[in-house]
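Below, chains carry the letters A, B, ... as their sequence lines are ordered, and counting in each starts from 1. As a basis for the values below, the full set of heavy atoms in this structure was taken, side chains included, without hydrogen atoms, waters or symmetry mates.
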Amino acid sequence: MGEHTLREVLKRRSEDTLRKIQARRGTWQHKGGKQRKFGWGRALLWLILLGLLALGGYAIYLNQIITTRFEGSRWALPARVFARPMELYPGKEIAASTLVRELERLGYRRADRLEEPGTYRYTGGSVTFITRAFQFWDGPQPALAVRADFRGSQLVDLAQLRSGDDLYLVRLDPALIGSLFPQSGEDRILVRLDDTPRLLRDLILQVEDRRFYEHLGLDPKGIARAFAANVQEGEIVQGGSTLTQQLVRSYFLSNAQTLWRKMTEAIMAVEIELHFDKDEIFEAYLNEVYLGQDGPRAIHGFGLASYFYFQKPVAELQLPQMALLVALVKGPSYYDPRRHPDRALERRNLVLDVAVERQLITQAQALRAKRQPLGVIAKPPVGTTYYPAYMDLVRQQLQRDYQPEDLTSEGLQIFTTLDPLLQERLEEQVSSGLQRLERGRGLPADTLEGAAVLTSVEGAEVLAMVGGRNARYAGFNRALSAVRPVGSLLKPVVYLTMFEQSDRYTWATPIEDTPLEVQMPNGKVWKVNNYNNEYHGTIPVYQALVHSYNVPTVRVGLDIGVQHVAQTLSALGFPRSVNPYPSLLLGAVSMTPLEVTQVYNSLAAGGFRTRISAIREVLTKDGTPVQRYPLEVAPVASPRAVYLVNRVLQLVVARGTARSAAAQVSGDLNLAGKTGTTDDFRDSWFAGFSGDHVAVVWVGRDDNKPVNLTGSSGALQIWARYMGAIPNQPFRPVKPADVEEVWIDPASGAQTQPGCETAVQLPFVTGSVPTQQIACRGGIRQLLQDVFN
Amino acid sequence: MSNKHFFRTAFISLLLMLLTACAGLSPEAAPYQNDAGQGAAAASDNPAVTGLLRDARAQRTAGDFDHAAASIERALRIAPRNVNTLQELAYVRLEQGMAEQAEALALKANSFAVGNYLELAENWEIIAKARTMRGNMMGADAASRAAAALRGDLP
């Protein structure tokens, strides 16, 4: 662009000069024929002089461009986003195969002998590997050779490979999950010259510019030699341009093959050589050279190309891989190893031949390398990201603290909480779960949509997120943006408020489950109905939560005050204001799946709210810490009241509206949760938790039409399969000192014996335990007792 | 007589079989399982957690509170209910002057330390310090008295 305008300016300038000269010549002509010859000579001299002056000015101008644009930070670097690093320690619940999968994801290479970082061996019950050095927020972590021994699905022993010394904790390098960069643009991972393998540098120099360290930006000898070599081979083997010229062309100029551009390139090449030393120019070249294309994203530099083609850092490249990257310099599109593997292979082998000829490698090495396949990973790591929904969340959180241009130009390193293993399972379960629901219910294919979020209980870190049935599609992110009524998901909030606001209630308090009409302030009458219009007479109030009865919930809510329920909801972490209308009690409040997750996370964490977060740390491109998002907790509900509610949420899963989960997930996990269904079956929700995970699933349609699914028949089915498919700790809430667990007869709410068939164990605040006692009702044991008596 | 005895035996056997079968249905849905103090006990013998806490203490001593907090949070990710780890973070927050966080963390530690008087007393002492820092003298006094009572309660 700049070059174009400049060229026009100069063209205009020389035309002006010419016109002036012609005008002057015209004057001279009037002075008579004698002086005509002398006048022409002078004019020519002037012309040359002016031409030189113009050229000098142009050179100064170009010099200006070089000093302003090439000094300091040379590239706009997109922020790089990383998954959580996997932590390994003795006692961790992890199978050897899971570790191997993580190492593969990180691009570690399976090898017979461990010699360098990024390699591993897997034999029987143990995995040995050499980690890559990595700069974390808390400092650099050197490469480490490790042996991990497994028994069953547990890591039992961790030791240094060479010394055999025990290790108590090993942190793997984190997987790169994407970049934040402007809509279309260049992408690169900067490499330092010193971190680039010697052999790769030598290959580049020998193939592209043998006399790089000798010439001054231009190399006439090199051009001649390249010309000769090309004639001899009958094809383009070597380019005539020096590395400096290639750098100038790529960094400053367009690709147009004009004489003017060639001249500009030459001037700038020399000028760059005057300003910077050879190593600096070489390093810039390594990072600038164009090596591939990924849709709108241009792959620049060996650092990114190494990931783009082999998913590993340059330091780990093998000889054939280096040769291929060097081969690509000539034409990344023509020699694209994914689209034209034959061409790429031929060119790679040619590079290997050059390497033998220049004595960089032996003939034997070359032969071995030539026998290797291209080894290019089939699908490049997706440019923006493989996890678009999760990246939306990362971007949203970063936008609170950073300017958009900082995120797309400063090369920040963002360390997130994403767990790729849990993420992949969630994607699978949402996608297959929606298909299963459609088939099972005779719904048209591809009509259901879904979203899901998984967080850690105590840290509230977002471990996985799915924004739609196609997790690869970066479109409407339902987990973040679909605002839907939550229905019965709100009932736990009502009962939490009940325990916080009043000591008149216990779980055994009798309550009327009969049709109810509420006189509204505006004079209208609100008819409260149960699901299926079934009513149960007088019941202990806990049953209203276990079986999601509407009428008792509304009675309780109106008694304790709707505004208090609204306050509890806000305290648990719902960020927007809530209208305290009575319909709130039945979930007439719209939330996103992420907002629901926040509310349930506060419940799971015992009444301590931690703001949901996807980011742990931010570092500059050189690894200098910029920011950390520390753990912050806020006590927002009484742990006792939360305990009382959570114990009954466990009953929801064990024998209430979510009992069908038992087919998918072990009862030993003591999961807790709640179904949510909205009017006309438009939304199907399930929110629940284990000891270490909170998961929320929403199923519905984008056009908000009925899906004819309840929370139980829809979202729960996905939730339960997912919870059954990932490692979970059992949910074991810690019983507060002033709470007692008592066996209760469900029908009467009276105390009964532990063994009674229908009895449930419920928590009571000391002093509020029902005094009424009742014998077992009609159970088998009762019958047995009768027989023996 | 013997016929009657046979039927009686057969009937009881059948009932016992039925009972056994029903036992598999587990009538005791989600029985309470005590987890009090388990976090603390389980974590204290986890070498990863003790190692990280050792690092954190060194960082704290060196006045590097941000790194100390980061090490402790790493330990919390491994054992989130560890009372001692929560206390460590609360101490770091106290030294950083973040009294509100210190108190919240101590309260959270309390919820996992049920029945463990020594730990509870320590938590209340942290709360007392945090409240003093925030100028809530009455609250601090109440917390101190709670701690003293717990220490006095020790067998």
- Task: Please check if any side-chain donor atom of A:Q141 sits under 3.5 Å from a side-chain acceptor atom of A:Q135, or the reverse.
- Result: no
- Task: Ignoring hydrogens and angles, state whether a donor on the side chain of B:E122 or B:Y91 is under 3.5 Å from an acceptor on the partner side chain.
- Result: yes
- Note on the structure: Heavy-atom nearest pair, A:T610 first then A:G459, reads CG2-O, 3.6 Å
- Message: My understanding is that only one of A:V642, A:V652, A:V645 makes a side-chain contact (heavy atoms from CB on, under 4.5 Å) with A:P492; could you say which?
- Response: A:V645
- Message: Distance alone, cut at 3.5 Å: any donor-acceptor contact between the side chains of A:D745 and A:T752?
- Response: no
- When you check the side-chain N and O atoms of B:Q59 and B:S71, is any donor under 3.5 Å from an acceptor? yes
- Query: So, A:E740 versus A:T766: side-chain donor-acceptor pair below 3.5 Å or not?
  - Reply: yes
- Message: Assess the residue pair B:N84 and B:E119 against the criterion (side-chain hydrogen bond (donor to acceptor under 3.5 Å, both in side chains)); give the C-alpha distance rounded to whole Å, side-chain angles, the decisive distance to 0.1 Å, and a yes or no.
- Response: CA-CA 8 Å; B:N84 299 128; B:E119 305 291 7; 3.2 Å; yes
- Identify which part of A:A672 has an atom lying under 4.5 Å from any heavy atom of chain B, answering side chain, backbone, both or neither. neither
- Top contributor to chain B interface from A:D692, A:V457, A:L169 [non-hydrogen pairs under 4.5 Å]: A:L169
- Query: Taking only residues two or more places apart in sequence, or in another chain, which ones meet B:E73 in a salt bridge (Lys or Arg N to Asp or Glu O under 4.0 Å)?
  - Reply: A:R628, B:R93
- Query: Under a 4.5 Å cut-off applied to non-hydrogen side-chain atoms, are A:P85 and A:F415 in contact?
  - Reply: no
- Message: Between B:R151 and B:E125, does any NZ, NE, NH1 or NH2 come within less than 4.0 Å of an OD or OE carboxylate oxygen?
- Response: yes
- Honestly, the part of A:E461 sitting under 4.5 Å from a heavy atom of chain B is side chain
- With sequence neighbours excluded, give me every ring pair (Phe, Tyr, Trp, His ring centres under 6.0 Å) pair touching residues 52-88 of chain B. A:W137-B:H67
- Message: Taking every non-hydrogen pair under 4.5 Å, which of A:K92, A:R171, A:E87, A:R640 racks up the most with chain B?
- Response: A:R171
- Item | Residue selection (most heavy-atom pairs with chain A, distance under 4.5 Å) from B:L76, B:I78, B:L107, B:L89 | B:I78
- Residues of residues 126-134 of chain B within contact distance of chain A, non-hydrogen under 4.5 Å: none
- Message: Under a 4.5 Å cutoff for heavy-atom pairs, which residue among B:P80, B:A69, B:G51 has the most contacts with chain A?
- Response: B:G51
- Message: Please classify the contact between B:D66 and chain A as side chain, backbone, both or neither, with a heavy-atom cut-off of under 4.5 Å.
- Response: both
- Listed by residue number, which members of residues 98-105 of chain B have a heavy atom under 4.5 Å from any heavy atom of chain A? B:Q101, B:A104, B:L105
- Report yes if the distance between the aromatic ring centroids of A:F689 and A:F731 is under 6.0 Å, otherwise no. yes
